[in-house]
*Asks:* 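Can you keep this structure in mind? I'll have questions shortly.
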There are 2 protein chains.
Amino acid sequence: MSTAARTQSPAAEAWSLLQTLMFDVQRPRFITLCSEFDVTPPQLMTLRRLDADTPVPTSEVARWLTCDASNVTGIVDRLEARGLVERRPDPGDRRVKMLALTDEGVALRDEIVRRLAMPPEPLAALPRADQRALRDILRLAVDRG
Amino acid sequence: MSTAARTQSPAAEAWSLLQTLMFDVQRPRFITLCSEFDVTPPQLMTLRRLDADTPVPTSEVARWLTCDASNVTGIVDRLEARGLVERRPDPGDRRVKMLALTDEGVALRDEIVRRLAMPPEPLAALPRADQRALRDILRLAVDRG
DNA sequence: TATTGTTATACTCTATAACTATA
DNA sequence: TATAGTTATAGAGTATAACAATA
């Protein structure tokens with residue numbers, strides 16, 4: 001352990017460790033998953049946000065992707081061409097396009113979500129008690145945010 | 001809490017919460033940081049990997065980015081044009097280009113790393129005892145991997 | 001007038017394949 | 001022959017600006 005780590009606040013060191021987990025473990029995993037399912041990262045992120053039952057406006061997907069709305073047009077065009085997503089009118093505002101998954105889109109998203117949900121080695125290898133403690137602390141953190 | 005969450009293993013639920021933290025909190029933060037420092041995400045990732053003292057071959061950066069080596073050429077071209085990175089010969093193998101940060105590159109990387117290291121609200125707001133417990137568990141997980 | 005989504009444009013990232021220099 | 005890095009190419013993501021339809 002470095003001197004810097006010892007003098008950091010516990011939250012800072014925890015965050016640094018989380019970033020290691022995300023950059024070194026999750027990022028390669030995510031990229032591999034994308035190519036396995038033949039979707040690009042923003043396409044996968046879009047599928048994760050959408051649903052069949054509760055359509056969301058294009059602007060919401062732009063917010064979710066943290067990108068300009070003009071980019072969503074092309075991303076959705078390609079997902080729509082593959083039959084995974086559909087554009088629906090918004091009865092209340094004719095400017096708005098509502099986005100929703102098709103049945104095929106739901107199937108693909110479910111499979112992707114299932115794969116993303118599998119805990120990586122470093123977490124799965126933890127003693128059960130530590131897994132529970134980790135879960136409880138993260139629940140506390142996320143529920144507040 | 002969902003029924004699914006209750007029936008998952010603790011590691012699976014912890015991982016799901018971590019992903020929430022990463023997608024909802026870290027990703028927008030990362031993208032904002034990139035535009036603030038006028039670098040693209042792969043450029044920022046490259047700066048994070050490099051150093052002034054211990055040059056690494058181009059191939060190592062490709063591994064780090066999880067992308068083909070041909071892409072690194074352009075990414076490094078642009079960082080080099082800004083005076084942040086330099087290519088050095090490898091005395092042992094004249095095919096290899098070693099990559100290292102310039103002084104300016106070190107300064108920028110340090111500032112970026114400092115900003116990335118700031119724990120986000122959900123973590124910073126945790127009680128001190130939970131921060132320490134989180135840190136200890138993550139140390140255990142990461143040290144094994 | 002303001003907003004939603006699209007189009008046009010220029011730049012960057014990406015994988016693949018072909019190439020050069022070196023091993 | 002094999003490998004490291006580059007170049008060429010085509011497809012995708014990105015921000016910005018301008019536009020049409022609608023509010």
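Chain A is the first sequence line, chain B the second, and so forth, proteins listed ahead of strands; every chain is numbered from 1. Computed from heavy atoms alone, side chains included, the values below leave out hydrogens, waters and symmetry copies.
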*Asks:* Could you pick out which residue, R95(A) or S70(A), lies toward the 5' side of DNA chain D when each is mapped onto its nearest nucleotide?
*Replies:* S70(A)
*Asks:* Determine yes or no for a side-chain-to-main-chain donor-acceptor pair under 3.5 angstrom, with T32(A) supplying the side chain and P28(A) the backbone.
*Replies:*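 Side chain of T32(A) to backbone of P28(A), a donor-acceptor pair under 3.5 Å: yes, one is there.
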*Asks:* When you compare the side chain of R109(A) with that of R114(A), does any pair of heavy atoms fall below 4.5 Å?
*Replies:*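 R114(A) vs R109(A): side chains apart.
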*Asks:* Starting from C1' on dT4(C), measure out to CG on D93(A) and report it in whole angstrom.
*Replies:*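 After rounding, the reported distance stands at 7 Å.
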*Asks:* May I have the distance from I75(B) (atom CD1) to dG5(D) (atom P), rounded to whole angstrom?
*Replies:*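 Whole-Å distance recorded here is 14 Å.
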*Asks:* In whole angstrom, what separates R78(A)'s CZ from dA12(D)'s P?
*Replies:* 5 Å
*Asks:* In degrees rounded to 10°, what angle is found between the helical axes fit to the five outermost pairs at each end of the helix from dT1(C)-dA23(D) to dA23(C)-dT1(D)?
*Replies:*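 Result, rounded to 10 degrees: 0°.
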*Asks:* Between T58(A) and dG5(C), is there a contact of a side-chain N or O with OP1 or OP2 at under 4.0 Å?
*Replies:* yes
*Asks:* Considering every strand and a 4.0 Å limit on heavy-atom distances, what is the contact class for S59(A): base, sugar-phosphate, or nothing?
*Replies:* sugar-phosphate
*Asks:* Could you check which of dG5(D), dG13(D), dT14(C) has an atom nearest any side-chain atom of P42(A)?
*Replies:* dG13(D)
*Asks:* What is the distance, to the nearest angstrom, from the NZ atom on K97(B) to the P atom on dT3(D)?
*Replies:*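 Rounding to the nearest Å, NZ of K97(B) and P of dT3(D) are 19 Å apart.
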*Asks:* How long is the line joining CG of N71(A) and P of dT9(C), in whole Å?
*Replies:* 16 Å
*Asks:* For P57(B), which contact category applies under a 4.0 Å heavy-atom criterion: base, sugar-phosphate, or nothing?
*Replies:* sugar-phosphate
*Asks:* Sub-3.5 Å donor-acceptor pair from the side chain of Q131(B) to the main-chain atoms of R128(B), do we have one?
*Replies:* no
*Asks:* Is the distance from OP1 or OP2 of dT6(C) to the nearest side-chain N or O of R87(A) less than 4.0 Å?
*Replies:* yes
*Asks:* Roughly, in whole Å, what's the span from CG in L79(B) to P in dT12(C)?
*Replies:* 11 Å
*Asks:* Distance check needed: dT14(D) P versus D77(A) CG, whole Å only.
*Replies:* 14 Å
*Asks:* I'd like to know if the side chain of S9(B) reaches the main chain of A12(B), judged simply by a donor and an acceptor atom lying under 3.5 Å from each other, with no hydrogens or angles considered.
*Replies:*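 Yes, because the side chain of S9(B) sits within donor-acceptor range (under 3.5 Å) of the backbone of A12(B).
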*Asks:* Is there a side-chain contact between V56(A) and M98(A) in this structure, where contact means two heavy atoms from C-beta onward sitting under 4.5 Å apart?
*Replies:*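 Result no, sub-4.5 Å side-chain heavy-atom pair not found.
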*Asks:* Please figure out whether R94(A) or L65(A) has its closest DNA chain D nucleotide nearer the 5' end.
*Replies:*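 Checking each residue's closest nucleotide, the 5'-ward one belongs to L65(A).
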*Asks:* Evaluate the criterion side chain to side chain donor-acceptor pair (under 3.5 Å) for residue pair Q19(A) and Q26(B); output intermediate values, then yes/no.
*Replies:* CA-CA 9 Å; Q19(A) 287 192 92; Q26(B) 171 70 341; 3.2 Å; yes
*Asks:* Nearest-Å distance, CG (D68(B)) to P (dG11(D))?
*Replies:*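 Computing the D68(B):CG to dG11(D):P distance gives 18 Å.
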*Asks:* Is any side-chain heavy atom of R82(B) closer than 4.5 Å to a side-chain heavy atom of V39(B)?
*Replies:*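 Result yes, sub-4.5 Å side-chain heavy-atom pair found.
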